[in-house]
Amino acid sequence: MKTSRIGIDCRLAGSRHAGIGRYVKNLVQELAATQTEGITWIVFFSDRAQQQEVLPKPPAHWEVVFAPIRHYSLQEQLKMPAIFAAAKLDLLHVPHFNVPLAYRGKLVVTIHDLLWHEQRGSAVTTLSPLMYWLKYAFYHLIVRHAVTTATTIFVPAETIKSTVARYYPLIRNKILVTYEGIDATFVPAKQIPKKSNDQEYSLIYTGSLYPHKNITVVLQLLQQQPNVSLTIIGSRSVFRDQVEQQCREMAILDQVRFAGYVPDEKLAALYQTADAL
């Protein structure tokens, strides 16, 4: 029986890459724990440190390839097609839209959203206008290439399926909804009792602070309700200074805590003790 060689681009795996990093990490770990006869998995990592975080002990039928090439870069476009081709893949899974234009092998992609199709302009970037619009045009080119060349497009929700189909109606039949799961860390064995003081309320926000996240609406709530506090958790500092200044101008800085990166175990405990997420 012929063994199929299936590759996964894991250069965005792990905690350093936030949500997509968590998606790829859990995908790879679940596949590694699953019996998959007749398949050799080839995983492409940026470096050994990333591989040690995501897959420290690859199963016997797995191959690890190191490709120290940054995503969204010119090097990704020039070098990754040859690296993928050298692995002699029957199928490649790129868990994002960043498929190299020159890659000609069979592939599937995951499209988590088309946010930047709908959010654009100077307010959503820290780049200069020239660099931003060049990057924006290239983004559209890459996404169109990804969805038109992929044999299957995985999306995490029906809403994303509708969005992708609206922008690219000719590929509607290739879209497959694959719901995302919950990391075992966030399924606690026992419930932590709620605090007894029902006059104060704590909120938690996890994620980046890009304008499209609309954190302003929560800050307006704090301004109206001085008994509500907010903890902002996230490893990415982009736009943090702007939000902090906004809190200062709204006189609610004492109600907001910027916690930065929080390990999963501590984050799970914070979720349980908060009143809302």
Side-chain angles (χ1 to χ4, degrees), residues 4-37 39-67 70-72 84 87 89 91-99 107-115 146 150 152-161 164 175-189 204-208 213 233-236 259-272 277:
S4 297
R5 296 176 59 80
I6 302 179
I8 304 176
D9 186 356
C10 298
R11 291 174 301 127
L12 282 171
S15 57
R16 74 179 89 167
H17 295 295
I20 292 177
R22 184 181 295 277
Y23 168 83
V24 182
K25 177 180 178 180
N26 281 281
L27 172 66
V28 169
Q29 291 180 346
E30 291 296 325
L31 287 172
T34 303
Q35 294 293 330
T36 51
E37 295 182 5
I39 296 177
T40 296
W41 296 94
I42 300 90
V43 282
F44 301 84
F45 289 106
S46 295
D47 50 45
R48 191 170 297 278
Q50 185 184 43
Q51 179 242 316
Q52 286 296 310
E53 177 190 353
V54 176
L55 195 67
K57 295 182 180 180
H61 56 293
W62 286 57
E63 297 177 11
V64 175
V65 177
F66 293 112
R70 189 169 60 85
H71 57 286
Y72 308 150
F84 290 144
L89 304 174
L91 179 68
L92 171 66
H93 179 196
V94 180
H96 197 30
F97 59 76
N98 58 318
V99 177
L107 64 92
V108 297
V109 298
T110 299
I111 300 296
H112 301 273
D113 59 54
L114 289 181
L115 175 69
T152 301
I153 302 160
F154 300 119
V155 295
E158 292 289 346
T159 52
I160 306 303
K161 178 179 179 178
V164 175
I175 306 173
L176 179 65
V177 177
T178 53
Y179 299 112
E180 295 177 354
I182 300 172
D183 192 293
T185 307
F186 298 98
V187 185
I204 287 182
Y205 169 77
T206 306
S208 67
K213 298 293 187 177
I233 298 169
S235 58
R236 293 178 174 174
Y261 170 75
V262 174
D264 282 358
E265 292 75 12
K266 184 178 179 181
L267 182 58
L270 287 173
Y271 281 166
Q272 288 195 81
L277 170 65

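Values reported hereafter were calculated over all heavy atoms of this structure, with side chains retained and with hydrogens, waters and symmetry mates removed.
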Closer than 3.5 angstrom, by distance alone: can the side chain of Q29 be matched with the main-chain N or O of V54 as a donor-acceptor pair? yes

Heavy-atom side-chain proximity of F97 to V109 below 4.5 angstrom: no

If you measure from CG on L89 to CD1 on I6, what distance do you get to the nearest 0.5 Å? 9.5 Å

Taken to the nearest 0.5 Å, the spacing of H71 NE2 from I20 CD1 works out to 8.0 Å

N/O donor-acceptor pair under 3.5 Å between E53 side chain and S15 backbone: yes

Could you report the tightest heavy-atom contact between I160 and I111, atom names first, then the distance? CG2-O, 3.7 Å

Test salt bridge (Lys or Arg N to Asp or Glu O under 4.0 Å) applied to D113 - qualifying residues, sequence neighbours left out: none

For L12 against N98, the heavy-atom pair lying closest together: CD1-OD1, 4.3 Å

Min side-chain heavy-atom separation I8-L31 under 4.5 Å: yes

Hits for ring pair (Phe, Tyr, Trp, His ring centres under 6.0 Å) against F154, two or more places apart or cross-chain, chain-then-number order -> H93

Scan residues 54-66 for pairs that pass side chain to side chain donor-acceptor pair (under 3.5 Å), counting only residues two or more places apart or in two chains. R5-E63

How long is the span from the NZ atom in K25 to the CG atom in L27, to the nearest 0.5 Å? 13.0 Å

F84: which residues meet the ring pair (Phe, Tyr, Trp, His ring centres under 6.0 Å) condition with it, sequence neighbours left out? F44, Y103

Under 3.5 Å donor-acceptor pairs involving side-chain atoms of residues 177-184, not counting sequence neighbours:
from: D183; atom 1: OD1; to: T185; atom 2: N; distance (Å): 2.9
from: D183; atom 1: OD1; to: T185; atom 2: OG1; distance (Å): 2.9

So, taking the atom named CG in L267 and the one named CD1 in I233, what distance separates them when rounded to the nearest 0.5 Å? 5.0 Å

Test side chain to side chain donor-acceptor pair (under 3.5 Å) applied to Q52 - qualifying residues, sequence neighbours left out: none

Less than 4.5 Å apart, side chain to side chain, heavy atoms only: is that true for Q51 and C10? no

Nearest 0.5 Å, please: how far is CG in L115 from NZ in K213? 7.0 Å

Output, in order, the C-alpha distance, side-chain angles, deciding distance and verdict of side-chain hydrogen bond (donor to acceptor under 3.5 Å, both in side chains) for H96 and Y23. CA-CA 10 Å; H96 197 30; Y23 168 83; over 6 Å; no

R16 CZ: over 12 foreign heavy atoms closer than 6.0 Å: yes

Nearest 0.5 Å, please: how far is CG in D264 from NZ in K266? 12.5 Å

